[in-house]
Structures are given as structure tokens and as C-alpha cells.
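Source: prediction; values computed, not measured. Atoms considered below: every heavy atom in the structure, side chains included; atoms not considered: hydrogens, waters and symmetry mates. Lettering follows sequence order; numbering is per chain, from 1.
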2 protein chains.
Amino acid sequence: MSETPLHPNLPLMLLQTREEVINRFRPILNHFGVTEQQWRILRVLRFRVSMEPKEICETCLFLSPSLAGVLARMEADDLIHKERMESDLRRVNVSVTDKGRALVDTVMPLIRAQYLLIEQHIGRETLGELCAVLDRLGAYDWEAIPSVALPS
Amino acid sequence: MSETPLHPNLPLMLLQTREEVINRFRPILNHFGVTEQQWRILRVLRFRVSMEPKEICETCLFLSPSLAGVLARMEADDLIHKERMESDLRRVNVSVTDKGRALVDTVMPLIRAQYLLIEQHIGRETLGELCAVLDRLGAYDWEAIPSVALPS
DNA sequence: GCGAGATAGTTAACATGTTAGGTATCACCA
DNA sequence: TGGTGATACCTAACATGTTAACTATCTCGC
């Protein structure tokens, strides 16, 4: 039992694994002209009546300024529709268009098939363990972790 | 024992965890005016005589066009130095400057201290398990995983 | 009603990610 | 030796990430 800190490059390791996974899905998304970010939104929005941008940011992990651009391009491509709320003119409702819904219904089965291919190759145990650890970590309140003092 | 596929959003889960971790380190890097990408390079280059861009791409997970811009800005900030190889004029040697080395020596202890704070809060078991799974996944030959057939 | 502060979303400026394609150089063989 | 293909790196064009600052609207207490 060593007391030595591991100080691994955790962000790099997470990035590496994410890239490996995404690279298996990217050909599918490219084939249909959707970006990975657009897909993050579509796959959630597909099964909702509408979502507010703030909610999309939290669910799909966007910063607000990024989302503004992504939504603008998706609306230009007729994948989504934006509408100001009557009751609060600051807020917006985003909904998927027929074209967007059809796209999800076409792409989703391919994404799931590709995931199964990955699962078959890597093994269900390892992937399940990864998901379990990530789930466990997602439940933590990371904001509560203190920050080191910075020199003036 | 369910046969139902989990079809989790693995890229999103990995992104989420990475963001949580990075967000704990970002104030440190911002304080010293270094980007996360520049830090990925510096922390490796610090302990080498020099590296070729291709090697940096593989080690630090950059695509070549991204790296070109990052290295250009780092050279403008006098953090690194680029030099064409005599023996092969296509290739370049990148080395860290005194300023870059001093920066790493200042920032690295803070990064390690912050990592320990995270470890104390999350628990060594969970973080170690995460690292272990990621290590295991990094050993796979992802390129060998077949791709689903795409409709014409 | 009104005015200070909060909130939702955007714009601006810059750095990086992604894809396609370009340039210079090199290795190798006819 | 000369030409063809491979290699290392770069540029271009566009989408996204990050931080700061801005606009419009709302809430609430006075």
C-alpha cells in the first residue's frame, strides 16, 4: 500500500478514451452531415416536446455561448425550431422539426449497432465497469471540492 | 442478468467527468495564463530535451493542424523553441525555453496539490478504479473494431 | 408604479477541433 | 538520375470552447 500519490494525468486519460469512442461513431455522424454536438442535442430533444436552452446546456454539457451558435446553425439547417415564450420574453423554447426527428430515427439504430460492436470487442464487463465508475463520479458535488491557494 | 444493451451515452459521460476534473484545475492554469492545451504540452516537454510535433500529437492527443497553432502561440510567448532538423528538413525539433521550464516548475506543485484535494474528496478507491479502467481501455486496439455499414 | 438586482440569452474576441488540401522534402526503385 | 509515392508539417475554412461583457426582460421590495 503505497502512500505515493499517483498524480496521473486524469484529464488526458479521459480525453483519450473519449476520442477512441467518438472516433468509432464519427463516420456515422459525418455520413449524415451532423456534428457530434448537434447529435448530443438531437438525441435528447427527439423525445421531448421542447427544451429551453438552459436545460439543453445542463443536459448536453454546453456553455451558453457555444449553444447559441450550434442552435443557430441547426435552425438554419431546419433541424430545430426556436420560439420565444409568451409568458417570459427572455426565455426560448427549442423543439425538433420533422426533418430532425426523421434524422434521429435514421441515425439512432446505426449508433446503437456501432455501440454493440464496441461492446463485443471490448467486453461488456469493462465497459460496464467504466459506466459504473463514471456514474458514481457524476453523483459527486464537484463544486464542493476546495481549490488550492494561488500565489498573488 | 439482462441481455438488454445499456446503450449509454458513453462520450457524454466521459466528457462530463473530464469537465468536472478540468474545472478544478482551470483556475490554476488561468492564473498563470496557460491554456489546458499548452499545459498538456509543457508538462511532457519539460522533462525531455526535445520532441517532434508528430510525437507531441501522439503523446498529448492533438491533431496536427491544432498543434500548429498552439505551438505558434507558445513560441510567440517564449514558452518553447522550434528548430528545423539538419538531417531532415521536413522535421522540426521542439524544446522548452527557460521561461517554459520555470513555469512548469511553478505550476506543477499546485496541480499536484489540487489533485490531492480531489483525491481526498472523491476517495482514492474510486479514482484509482477509474484510472485502472481507463488504462485497460487504452491498451485496446480501437482501430480494429469494425464499423457499421452505412446506407448509400 | 419604479428602480436595483437577478436572469436568459446573445455577441465579441480569441483559442482550439475537424476536415480537406497544399508544400516541401525525402526514400526508393526503374 | 529521375520520377513516383510517402512523409512531416502547414494553411484554409468552418464549427466549437472559453471568457468577458452586453441586451432585454423579469422580480421584488419600496
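Of the inter-residue distances, the one linking A:T126 atom OG1 with A:E119 atom CD reads 10.5 Å to the nearest 0.5 angstrom. With rounding to the nearest 0.5 angstrom, the NE2 atom of B:H31 is 8.0 Å from the CG atom of B:L110.
Of the residues in residues 68-79 of chain A, A:A68 come within less than 4.0 Å of DNA chain C through at least one heavy atom, sorted by number. Within residues 140-148 of chain B, no residue approaches DNA chain C, by heavy-atom distance under 4.0 Å. Residues of residues 85-101 of chain B that place a heavy atom closer than 4.0 Å to DNA chain C, in numerical order, are B:S87, B:D88, B:L89, B:R90. Annotation: proximity of residues 50-58 of chain A to DNA chain D (heavy atom, distance under 4.0 Å) is found for no residue. In the region residues 10-41 of chain A, proximity to DNA chain C at under 4.0 angstrom, judged on heavy atoms, holds for A:E19, A:R26, A:N30.
Identified under the salt bridge (charged side-chain N to carboxylate O under 4.0 Å, His left out) test for residues 52-81 of chain A, with sequence neighbours left out: A:R48-A:E55, A:E52-A:R91. Within the structure, every pair that satisfies the salt bridge (charged side-chain N to carboxylate O under 4.0 Å, His left out) test and touches residues 99-109 of chain A, not counting sequence neighbours, is listed here: A:R46-A:D105, A:D98-A:R101.
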Walk me through it: do B:N93 and B:V49 pass the test side-chain contact (heavy atoms from CB on, under 4.5 Å)? CA-CA 9 Å; B:N93 268 327; B:V49 177; over 6 Å; no
Taking it one step at a time, do A:I145 and A:W142 satisfy side-chain contact (heavy atoms from CB on, under 4.5 Å)? CA-CA 5 Å; A:I145 301 177; A:W142 289 78; 3.6 Å; yes
Determine, stepwise, if the pair A:V96 / A:V104 fulfils side-chain contact (heavy atoms from CB on, under 4.5 Å). CA-CA 10 Å; A:V96 68; A:V104 174; 5.5 Å; no
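In this structure A:L12 satisfies the side chain to side chain contact (heavy atoms under 4.5 Å, CB included) test together with A:N9, B:R40, B:L61, sequence neighbours excluded. A:A144 pairs by the side chain to side chain contact (heavy atoms under 4.5 Å, CB included) definition with A:D141, B:H121, not counting sequence neighbours. Looking at residues two or more places apart in sequence or on another chain, you find no side-chain hydrogen bond (donor to acceptor under 3.5 Å, both in side chains) involving B:T97. Looking at residues two or more places apart in sequence or on another chain, you find a side-chain hydrogen bond (donor to acceptor under 3.5 Å, both in side chains) between A:N23 and A:R26. A search for salt bridge (charged side-chain N to carboxylate O under 4.0 Å, His left out) contacts involving B:E129 returns A:R136, not counting sequence neighbours.
In this entry the distance linking CG of A:L67 with C1' of D:dT18 reads 14 Å, nearest Å. The interatomic distance linking A:L63 (CG) with D:dA20 (P) rounds to 12 Å, in whole Å. Between the CZ atom of B:F62 and the C1' atom of C:dG17 there is a distance of 10 Å, given to the nearest Å.
Put simply, the residue from B:L45, B:V44, B:I41 that forms a side-chain contact (heavy atoms from CB on, under 4.5 Å) with B:T59 is B:V44.
Of all heavy-atom pairs between A:L10 and B:C131, the closest is CD1-SG, 3.7 Å.
Distances shown here put a side-chain N or O of A:K82 below 4.0 Å from the OP1 or OP2 atom of C:dT10. Taking only side-chain nitrogens and oxygens, A:S66 comes nearer than 4.0 Å to OP1 or OP2 of D:dG17.
Without hydrogens or angle criteria, B:Q114 side chain to A:V148 main chain gives a donor-acceptor distance under 3.5 Å.
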